Amino acid sequence: MATQILKTPIEYLKGVGPQKAEILKKELAIFSYADLLLHYPFRYIDRTRFYKIKELNGELPAVQVIARLVSKEILGEKRSRRLVAQVKDDTGVLELVWFQGINWVERHMKVGTAYTIFGKPSVFNSRLSISHPEMELYSPTDKKQGNPTLQPVYSSTEKLKQYSLDSKGLQRIQGALLDIILKEIQETIPPYIIQSHKLVSRKEALQQIHFPNDPNTLKSAINRLKFEELFFIQLKLLKNKLLRTQKYKGLVFEAVGEKFNSFYSEKLPFDLTNAQKRVIKEIRSDTQRPVQMNRLLQGDVGSGKTVVALMSMLLAIDNGYQACIMAPTEILARQHYHSITHLLDYDFVSVAILTGSTSKKERKEIHTNLESGLLKILIGTHALLEDKVQFHNLGLVVIDEQHRFGVEQRARLWKKNSIPPHVLVMTATPIPRTLAMTLYGDLDVSVINELPAGRKPLKTIHLYENQRLRMYGFMREEIAKGRQVYVVYPLIKESEKLDLLYLEAGIQNIADEFPLPQYRISIVHGKLSPKDKEFEMQRFVKGETQIMVATTVIEVGVNVPNATVMVIENAERFGLSQLHQLRGRVGRGAEQSFCILMSGNKLSREGKIRLETMVRTADGFEISEIDLQLRGPGNIEGTQQSGVLDLKLADLAQDQDLLQQARNTVIKIFEEDPELIREENALLRNYFEEKRDGITWNKIS
Ligand code: ADP
Ligand code: MG
């Protein structure tokens, strides 16, 4: 096979050899020809044009200038010894400086001679200079002749540089490699797609990304390679989805029955929002087909996901099945239990809760009733995953706050049935569209993008440290109205000790400002035992305390409608999505709610953008997009385990359109040719077949 040559060990490449190969492997994980080929330049130096001195400024990258040497002089002594030269063109004067190789340079440069000078301009004491420029004798043909191109810059390391594999050295072996393999490079994307998307060939793209002719060909090359990356990720994801729907039969919920209908008409205390109705319809139509549902439900905090989950469960029950909800913490499981039993009368449907702290006796009863089918809805934590928990016939699994459960755990729940139950995964952490498409590309996604009517929009205010007294005053006013207040501190693992110090100081401040007996304070932090945590939480939930001082442990899901103020201390230290999550703890009742972001007086650029964004918008999806732009996908929860970070070129924040194109293309392919048997899709069929043979060449895609 022609691609065989790409697997050649790197030591066989001309100009490499065993010693350099060893270093390439260690430093850049380049083992084979293919690995080197995929070591793309991370930027390019523009050698296509010559600058005039008056055009230069400190912001430019490395540029080239043609100028005549007018003076040279060695200044300073010992460590500050340097060679300073002045060059001039018809627009101005530029200074050149060398700190090393001074004598050599001095000997070789002649005053009065014209040079082509290449380097990065900088401004120091308002004087323009280039240090350690590359210099070549200028000859009038330079401008036309030679090879004016975008020069690739490769990442290298100190170690590699010792073996003359700096950027230039890497460029050299890259050239040697392309010389021998370019003709072997095969297309991976079917020609009709290449055509319809106006992509350049794989061969051209790989050649141009290393040695671009001009900015336009480079752009087309990068575009092609990005598309390829995204295309094959989508191909894998959607193929998995296809396989799953073929492999696993799904339970059919044929009827909308008595429980669903009577709940809807008699018990539901409010009108569903249009978004809720739409999602319930989507779930209804999924579960009518004999295909297992795997649906991700995204919706901001307070958008009413619970009732959607509940109605879906009633659908399962109406069709003779059981359902369960799994939450990541005991507190959240309890909250679900309370709100669901509150919505249902206790004899309407049997509901139980199972967590780590369920007593042995209760546990036994639950096990029995679950196996007999008497118990219809089970709510709980990880405890649901234990082997002892056996359902009579589990029809629907709802997983709340998905990112805390891995795929494996989801699979364990499926295994509780011969035909896997339908799965609804709910998350209040909106994920940018592009991330959802890549992280959950094999799931169907529903979105609740509408809050129930009549909610007062929450007001968010940003105060600096020197406005702290205003904040205390505001807290007093709200407490005087009978409201409750959260005060949250960051707790970030790396600096746990310091954070605890802040927390302790903060608690002391609050205790001084809000003394007993008028004020009572709950304190919850990660060092407390779950029991103590629960106790303190409950005091706040019951209204026995007016202030809850906490670290971010209260982040997810807790619901105290009477709490109208969320104060976030050191807000600049939180990520956007975390701030958004925290803010979601308030604004759950009828009263006007507030979020106060406290920050130091000095903010980083990013910190400023984060806090401004929070003040400006409450839309979780918009916030998640900005978060992605600011931090990149690597820092967004859930991406670490996914393939997203293996992307070499594509950027989920920048390349949304391309991703959408790639996904649409793949969807269309599978619609028209699910088995990939058509001749025009032969390349794609090969892709999966080769993968089975364990050929790593496909890593490239
Ligand atoms: P989340 O999506 O954060 O889980 P919940 O399901 O906890 O939100 O709902 C938040 C609150 O809004 C609950 O008190 C719930 O009863 C209420 N709620 C849900 N849907 C509606 C609706 N359509 N109209 C009015 N209130 C609703
Ligand atoms: Mg919820």
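First listed ligand is number 1; within each ligand, the first listed atom is number 1. These numbers were taken from a predicted model, which means no experiment stands behind them.
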ask   = Do the ring planes of Y472 and F514 sit parallel (below 30°), tilted (30 to 60°) or perpendicular (above 60°)?
value = perpendicular
task = Identify, chain by chain and in numerical order, each protein residue with a heavy atom under 4.0 Å from an atom of ligand 1.
result = F270, D271, L272, T273, Q276, D300, V301, G302, S303, G304, K305, T306, P452, R455, R588
key: Within 6.0 Å of CZ in R470, more than 12 heavy atoms from elsewhere   = no
message = By the side chain to side chain donor-acceptor pair (under 3.5 Å) test, which pairs, at least two apart or in different chains, include something from residues 365-379?
response = none
task = Check the angle between the aromatic planes of F474 and F594 and answer parallel, tilted or perpendicular using the 30° and 60° thresholds.
result = perpendicular
ask   = Once the angle between the rings of Y264 and F260 is folded into 0 to 90°, is it parallel (under 30°), tilted (30 to 60°) or perpendicular (over 60°)?
value = parallel
task = May I ask you to decide if the ring planes of Y321 and F253 are parallel, tilted or perpendicular, using 30° and 60° as cut-offs?
result = tilted
